[in-house]
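Letters A, B, ... mirror the listed sequences (proteins, then strands); counts begin at 1.
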Amino acid sequence: MTETRLRFPPSPTGYLHIGGARTALYNWLFAKKTGGKLILRIEDTDAERSTEESINGILDGLKWLGIDWDEGPYFQTRFSDDHLAAARKLLDQGNAYKCFCTKEVLDAKREAALAAKQNLGYDGTCRHLKPAEVRAKEEAGIPFVVRFRVPERQGTLGYDDKVLGRIECDYREVDDFVIVRSNGKPLYLLCNVVDDIRDKISHIIRGQDHMTNTTRQVLLYEALGAPLPVFAHIPLTLDTKKAKISKRSHGEIVAVHFYREHGFIPWAFNNFLALLGWSPGNDREIFTRQEMIEAFTLERINKSSSIFNFRKDDPKFFTDPKAIAINEHYLRTMAIEEIGELVRQELEEAGLWNQEYAGEKRQWYLKTLDLIRERFHTLKDFATLGRAYFAEDFRIEDKPLQKNVLKFPELQDWLPALADRYARMDEFSAEEAERLARELAEEKDVKPGVIINGMRTVVTGQLAGPSMIEVLTAIGRDRVVQRLRRTGELF
RNA sequence: GUCCUCAUCGUCUAGUCAGGUCCAGGACACCGGCCUUUCACGCCGGCAACACCGGUUCAAAUCCGGUUGGGGACGCCA
């Protein structure tokens with residue numbers, strides 16, 4: 001069997017969004033699974049909308065996700081000679097013709113058709129122009145586009161789709177489409193096919209929004225004398241109102257960089273994305289890279305589109321709850337050393353990183369992460385909710401402050417007193433520290449919870465957290481004593 | 001308007017090709033309980049779906065037809 005060759009061809013007109021990322025992921029998975037190659041091709045033929053910034057954004061997004069490619073990035077505009085040669089060939093073969101209809105006229109016709117609820121396609125005005133007429137118009141300097149001449153055949157054309165099965169369409173339904181602009185620049189439908197032929201692409205995995213393009217491109221392959229690749233049209237991701245997600249209407253929430261900035265673990269996000277339109281056929285949902293590569297097949301991609309279930313302005317779930325759940329799963333189960341690396345980046349960004357965490361304090365660092373990761377949702381939480389473990393300038397949240405501290409003014413005396421007892425201990429052990437706390441509660445005739453919860457608030461700033469014993473050892477005697485002694489400042 | 005296409009819990013989905021093992025399984029979310037003098041994790045339990053109508057068949061989520069609903073495309077964008 002010859003090598004499988006896949007491609008991911010983003011147009012650099014904006015950031016990488018989750019739909020594109022998922023398409024890239026599926027291509028990547030299939031390439032890896034079949035031992036093939038993934039080609040990255042930047043389709044920048046739309047000069048007006050393509051930007052350098054966007055190219056970098058897409059590359060960064062893919063790198064963050066860990067989707068690597070074997071060839072490229074190629075830039076489509078570098079191959080315009082190939083595209084124009086193909087257009088020339090089609091023109092010479094009679095598979096294409098020059099069309100002198102102006103954009104204004106076509107737009108007007110389209111608008112009229114839309115208003116009259118008529119068919120929208122090109123009416124073929126220039127299709128039957130005689131050679132002499134063409135020559136005359138050319139000599140008169142009238143600009144023209146090159147249109148593909150859809151064969152006049154009975155019956156249907158189509159292709160076998162790996163996801164959807166046989167797709168067919170009547171020849172009469174396909175309008176003559178433009179392959180070269182009037183400014184001489186080739187268009188997507190043509191460029192895409194020419195590049196795929198040159199790059200020897202064997203499998204095209206792309207969104208279902210390309211289905212009508214594929215129908216037309218099938219004709220291009222035939223006219224260019226090239227074999228058809230395997231097509232797999234994957235379902236689209238829609239928003240909760242079942243509209244196609246787009247950068248324009250949804251903004252940041254559908255951007256890959258949003259998830260990087262919100263502390264997602266890259267592979268966890270891939271794992272979520274993969275499940276949006278694919279399943280292994282059993283109840284398995286969590287996969288390592290290797291496991292997913294092995295499990296992935298085109299046949300198991302879903303036919304129907306899925307909904308990206310983010311709820312705008314939801315305080316608890318800032319994106320699809322399942323995405324967060326999967327991220328949490330990885331956060332709790334990944335090897336602590338790996339988490340350590342990811343959190344290191346967060347701490348560095350927040351200015352909380354201490355080089356000793358990689359050296360003599362490494363054990364403490366990893367143990368602390370392991371202690372606090374249980375109730376976190378994203379990598380960001382280590383630097384925010386977990387700030388008290390790494391710095392002194394942590395904020396005491398208002399809710400626990402009210403509930404656990406201010407409600408008991410006596411704590412102003414009790415907690416510093418407890419701090420003194422801690423300071424006097426020969427050896428600071430968790431068990432003994434807890435015993436002393438309970439002893440104090442008994443002396444003052446209050447429930448231990450008053451002391452313990454007050455202490456948690458003062459020491460960590462949080463309403464919730466690991467058991468107090470563990471917190472004490474993680475933060476360490478010196479810092480605990482210091483913080484308890486300053487309880488009065490909170491009143 | 002035309003063409004293409006899809007249809008199982010709120011969401012992601014298993015089951016559909018090879019009809020019976022499915023009064024439909026898992027996950028997320030939600031609700032309740034256990035654990036925990038915090039909160040979570042974990043564990044246990046609960047809620048919740050075969051779009052509709054016909055046909056084929058001893059038997060239909062599964063096959064066929066239609067209806068309805070959803071999505072996509074119809075650019076000198078990609």
Fill in: Sugar-phosphate, base or nothing in reach of A:Val145, heavy atoms under 4.0 Å
base
Discussion item. Can you measure A:Ile18 atom CD1 to B:rC12 atom C1' for me and round it to whole angstrom units?
Written reply: 13 Å
Worksheet item: Base, sugar-phosphate, or nothing for A:Gln118, non-hydrogen atoms under 4.0 angstrom?
Response: base
Worksheet item: Base, sugar-phosphate, or nothing: which does A:Pro466 touch, judged by heavy atoms less than 4.0 Å apart?
Response: base
Practice prompt. Test A:Val480 against A:Tyr422 for side chain to side chain contact (heavy atoms under 4.5 Å, CB included), laying out the working first.
Written response: CA-CA 9 Å; A:Val480 168; A:Tyr422 283 170; 4.2 Å; yes
Worksheet item: If we take the P atom in both B:rA60 and B:rG55, what is their distance in whole Å?
Response: 12 Å
Worksheet item: Does A:Cys169 reach the side chain of A:Val174, with side-chain heavy atoms less than 4.5 Å apart?
Response: yes
Worksheet, complete the sentence: Taken in chain and number order and not counting sequence neighbours, the residues that satisfy side chain to side chain donor-acceptor pair (under 3.5 Å) with A:Arg153 are A:Tyr171, A:Glu222
Discussion item. Using a 4.0 Å heavy-atom cut-off, does A:Lys185 contact any base of the nucleic acid, only the sugar-phosphate backbone, or nothing at all?
Written reply: nothing
Worksheet item: Mind checking what makes side chain to side chain donor-acceptor pair (under 3.5 Å) contact with A:Thr125, not counting sequence neighbours?
Response: A:Lys109, A:Asp123
Worksheet item: For A:Asp176, which residues count as a side chain to side chain donor-acceptor pair (under 3.5 Å) partner, sequence neighbours excluded?
Response: A:Tyr97, A:Arg127
Practice prompt. Specify whether A:His233 and A:Phe231 have parallel, tilted or perpendicular ring planes, treating 30° as the upper limit for parallel and 60° as the lower limit for perpendicular.
Written response: parallel
Discussion item. So if I define the base as every atom that isn't primed, P, OP1 or OP2, how would nucleotides 13-26 of chain B read as a B/S/- string at a heavy-atom cutoff under 4.0 Å?
Written reply: SSS---------BB
Item to complete: Just call it for A:Glu168: base, sugar-phosphate, or nothing, with non-hydrogen atoms closer than 4.0 Å on any strand.
Response: sugar-phosphate
Worksheet, complete the sentence: Each nucleotide of nucleotides 40-48 of chain B classed B (base within 4.0 Å of a protein heavy atom), S (only sugar-phosphate) or -, in 5' to 3' order, makes BS-------
Discussion item. Under 4.0 Å, heavy atoms only, any strand: does A:Asn119 hit a base, just the sugar-phosphate, or nothing?
Written reply: base
Worksheet item: Contact class for A:His210 (heavy atom, under 4.0 Å): base, sugar-phosphate, or nothing?
Response: base
Worksheet entry | Watson-Crick or G-U counterpart of B:rC3, or none if no pair lies under 3.5 Å | B:rG72
Discussion item. Classify A:Lys399 by what it touches in the nucleic acid, base, sugar-phosphate, or nothing, heavy-atom distance under 4.0 Å.
Written reply: nothing
Practice prompt. Pick base, sugar-phosphate or nothing for A:Arg284, based on heavy-atom distances below 4.0 Å to the nucleic acid.
Written response: nothing
Practice prompt. Tell me the partner of B:rC52, counting only Watson-Crick (N1-N3 plus N6-O4 or O6-N4) or G-U wobble (N1-O2 and O6-N3) with both under 3.5 Å; none if nothing fits.
Written response: B:rG66
Worksheet item: Counting any heavy atom closer than 4.0 Å, what does A:Ser467 reach on the DNA or RNA strands: base, sugar-phosphate only, or nothing?
Response: base
Worksheet item: With distance as the sole criterion, do the side chain of A:Thr212 and the base of B:rC74 form a donor-acceptor contact below 3.5 Å?
Response: no
Practice prompt. Would you classify A:Lys103 as touching base, sugar-phosphate or nothing, given that sugar-phosphate means primed atoms plus P, OP1 and OP2, and contacts are heavy atoms under 4.0 Å?
Written response: base
Worksheet item: How is A:Phe317 classified with respect to the nucleic acid when contacts are heavy atoms under 4.0 Å: base, sugar-phosphate, or nothing?
Response: sugar-phosphate
Discussion item. Under the salt bridge (Lys or Arg N to Asp or Glu O under 4.0 Å) definition, can you give me all pairs with a residue in residues 378-389 of chain A, not counting sequence neighbours?
Written reply: A:Glu346-A:Lys380, A:Glu349-A:Lys380, A:Arg387-A:Asp393
